[in-house]
Number of protein chains: 2
Amino acid sequence: MATRSAMSWTDDGDEPNDDPGGEAAPTRSGDSSRRLIEAAIEAFADRGFHATTTRDIATRVGLSPAALYVHFPSKQALLAEISVVGHEAALDLVERSAATQTGSVDRLRAVIRDFTAWHAERYRVARVVHHEIAALADTDQSRVLDVRRKIEGVVEAQLSAGNASGEMDVPDTRAVARALLSLSVDVARWYDPRGSRTAAQIGDLYADLATRMVSARPPAPPEGERT
Amino acid sequence: MATRSAMSWTDDGDEPNDDPGGEAAPTRSGDSSRRLIEAAIEAFADRGFHATTTRDIATRVGLSPAALYVHFPSKQALLAEISVVGHEAALDLVERSAATQTGSVDRLRAVIRDFTAWHAERYRVARVVHHEIAALADTDQSRVLDVRRKIEGVVEAQLSAGNASGEMDVPDTRAVARALLSLSVDVARWYDPRGSRTAAQIGDLYADLATRMVSARPPAPPEGERT
DNA sequence: GTCTATATTCTGATAGAC
DNA sequence: GTCTATCAGAATATAGAC
């Protein structure tokens with residue numbers, strides 16, 4: 001399970017008014033599972049998994065508390081769906097980004113830019129994905145930790161390649177890979193869509209910061225050279 | 001309230017066996033408030049505020065569920081105590097670190113190193129402090145957000161000073177200050193004391209990364225200069 | 001300050017009609 | 001698939017004895 005709907009709700013979820021009828025009735029039928037997931041993401045992200053009640057989620061969608069259990073066997077299963085699909089979407093994104101470039105520096109830049117922008121754009125999903133792991137069942141925890149290791153692997157591979165080519169100078173590739181991803185991930189914690197910087201801008205900035213962090217530097221310029 | 005005990009439980013909390021008697025009886029008297037706070041930090045950090053029960057906290061200390069309410073008016077008040085004191089400890093740390101150095105680069109290095117190491121060493125407090133803000137009452141939220149702004153101000157001041165002196169090249173001091181602190185803060189989310197790197201090592205690494213992120217660079221060396 | 005109850009409310013989940 | 005009604009357990013917090 002969980003992978004069945006793959007990226008179905010991943011692409012977008014901020015504009016639920018894709019109603020062809022145009023009426024936007026509060027209790028439209030459509031795909032209830034999808035709407036429940038979107039409501040759960042919002043609630044989990046804002047208040048946390050344990051502070052959110054199943055009643056709350058169902059009510060947001062205009063359903064009775066019992067209706068949720070037709071679509072998901074438990075509140076925890078709902079979280080698992082969100083968390084597993086969210087992780088897989090992030091991994092997919094990272095692999096696609098890396099594939100668009102060839103050099104290790106450009107690859108790292110693309111990965112950090114897109115991974116960061118995703119954590120801003122989809123900050124609610126990202127928050128749930130990163131802050132509610134402890135609430136998952138052990139088996140689901142293992143699955144998402146596995147995905148995380150793969151994401152870290154993609155980044156660390158670029159650092160190792162960059163070291164080898166001489167374009168980078170990273171003494172501890174494991175720790176720096178984790179730091180780079182940590183930096184991007186934490187955007188979801190503080191990002192506010194009403195803020196002055198767009199998700200894309202933050203992605204670009206972080207790609208620059210990442211480049212600075214890992215780039216090999218010339219021997220060391222003599223002091224006081226700048227205007 | 002909250003400030004009354006200031007840094008009383010902040011300094012250390014990982015070794016409760018400071019029993020002069022040596023017996024380490026599970027239900028020693030001592031300061032129950034302090035022991036409740038330490039138990040709450042552990043529980044909140046591991047499972048989250050809402051997933052933790054007052055019974056759980058009291059039981060860990062060897063008290064009955066009702067005993068907690070002699071020392072704290074509510075579960076939320078316990079969280080507020082932890083959160084406010086934790087924030088103030090972090091601000092105090094940052095200000096002390098900055099004061100140990102004079103140049104903006106050295107100041108930034110010291111601040112990032114100590115702030116990061118603190119988030120690793122005291123990762124449980126840090127987790128509660130950063131991930132349970134939504135569970136605080138509005139008035140307490142304002143207080144901690146105020147402290148956060150002060151911390152960000154200290155860092156941003158170094159970036160502005162560094163720009164002015166020419167030692168740094170930071171286009172967006174606000175965004176970069178937030179990124180630097182975000183990087184340090186997120187250590188608390190993933191840090192595991194059983195890991196291979198010590199808190200001090202991570203602090204040093206992050207100070208290096210921070211320096212790389214903000215340092216002014218020589219004009220741009222001609223391509224392909226390295227061996 | 002600590003205990004043993006217990007009040008009160010809420011929550012996840014189920015039963016069974018439509 | 002959705003509803004109404006409800007169960008069973010759990011959680012925060014209080015009352016009152018010691």
Side-chain angles (χ1 to χ4, degrees), chain A residues 1 4-5 8-9 25-44 46-83 128 132 134-137 140, chain B residues 1 4-5 8-9 25-44 46-83 128 132 134-137 140:
Chain A
M1 65 133 168
R4 61 175 152 83
S5 54
S8 61
W9 52 265
T27 319
R28 226 181 65 243
S29 62
D31 195 6
S32 284
S33 293
R34 185 175 177 272
R35 302 182 70 212
L36 282 166
I37 285 181
E38 279 164 10
I41 289 172
E42 210 169 312
F44 291 165
D46 288 353
R47 269 167 277 171
F49 175 74
H50 286 105
T52 300
T53 70
T54 52
R55 276 176 163 74
D56 186 26
I57 298 169
T59 302
R60 282 182 192 231
V61 185
L63 294 176
S64 74
L68 187 149
Y69 292 90
V70 173
H71 302 275
F72 301 94
S74 71
K75 184 186 164 190
Q76 202 192 39
L78 224 183
L79 174 66
E81 168 81 10
I82 293 168
S83 209
V128 177
E132 304 293 358
L136 289 174
D140 292 313
Chain B
M1 65 138 165
R4 60 177 152 83
S5 52
S8 60
W9 51 265
T27 319
R28 228 182 65 243
S29 63
D31 194 5
S32 284
S33 294
R34 183 175 178 272
R35 302 183 69 211
L36 282 166
I37 285 180
E38 280 164 10
I41 289 171
E42 209 169 313
F44 292 165
D46 288 352
R47 267 166 279 172
F49 175 73
H50 291 287
T52 301
T53 70
T54 52
R55 274 178 163 72
D56 185 25
I57 298 168
T59 302
R60 284 183 191 228
V61 184
L63 294 177
S64 74
L68 186 149
Y69 293 90
V70 173
H71 303 276
F72 301 93
S74 69
K75 184 185 161 188
Q76 203 192 38
L78 223 184
L79 174 66
E81 168 82 12
I82 293 168
S83 210
V128 177
E132 304 292 358
L136 288 174
D140 291 313

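Chain A is the first sequence line, chain B the second, and so forth, proteins listed ahead of strands; every chain is numbered from 1.
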With sequence neighbours left out, the residues meeting salt bridge (charged side-chain N to carboxylate O under 4.0 Å, His left out) with A:Arg55 are none
Taken in chain and number order and not counting sequence neighbours, the residues that satisfy side chain to side chain contact (heavy atoms under 4.5 Å, CB included) with B:Ala137 are B:Gln76, B:Thr139, B:Asp140
Residues pairing under ring-ring contact (aromatic ring centres under 6.0 Å, His included) where one sits in residues 50-70 of chain B, two or more places apart or in two chains, turn out to be none
Taken in chain and number order and not counting sequence neighbours, the residues that satisfy salt bridge (charged side-chain N to carboxylate O under 4.0 Å, His left out) with A:Glu42 are A:Arg60
For A:Ala66, the side chain to side chain contact (heavy atoms under 4.5 Å, CB included) test, sequence neighbours excluded, returns A:Ser64
To the nearest angstrom, the NE2-P distance between A:His71 and D:dG1 comes to 6 Å
Restricting to nitrogen or oxygen on both sides, can you table the protein-nucleotides 11-15 of chain C pairs closer than 3.5 Å?
{"from": "C:dG12", "atom 1": "OP1", "to": "A:Thr52", "atom 2": "O", "distance (Å)": "3.1"}
{"from": "C:dG12", "atom 1": "OP1", "to": "A:Lys75", "atom 2": "NZ", "distance (Å)": "2.7"}
{"from": "C:dG12", "atom 1": "OP2", "to": "A:Thr54", "atom 2": "N", "distance (Å)": "2.8"}
{"from": "C:dG12", "atom 1": "OP2", "to": "A:Thr54", "atom 2": "OG1", "distance (Å)": "3.1"}
{"from": "C:dG12", "atom 1": "N7", "to": "A:Arg55", "atom 2": "NH1", "distance (Å)": "3.4"}
{"from": "C:dA13", "atom 1": "OP2", "to": "A:Tyr69", "atom 2": "OH", "distance (Å)": "2.9"}
{"from": "C:dA13", "atom 1": "OP2", "to": "A:Lys75", "atom 2": "N", "distance (Å)": "2.9"}

Between CZ of B:Arg34 and C1' of C:dG1 the distance, given in whole Å, is 19 Å
From CG of A:Leu63 across to P of D:dA5 the rounded distance in Å is 17 Å
Smallest heavy-atom separation, A:Asp56 atom then A:Thr52 atom, equals OD2-CG2, 4.1 Å
Would you say D:dT2 has OP1 or OP2 under 4.0 Å from some side-chain N or O of A:Ser32?
-> yes
Rounded to whole Å, the CD1-C1' distance (B:Ile57 to D:dA11) equals 12 Å
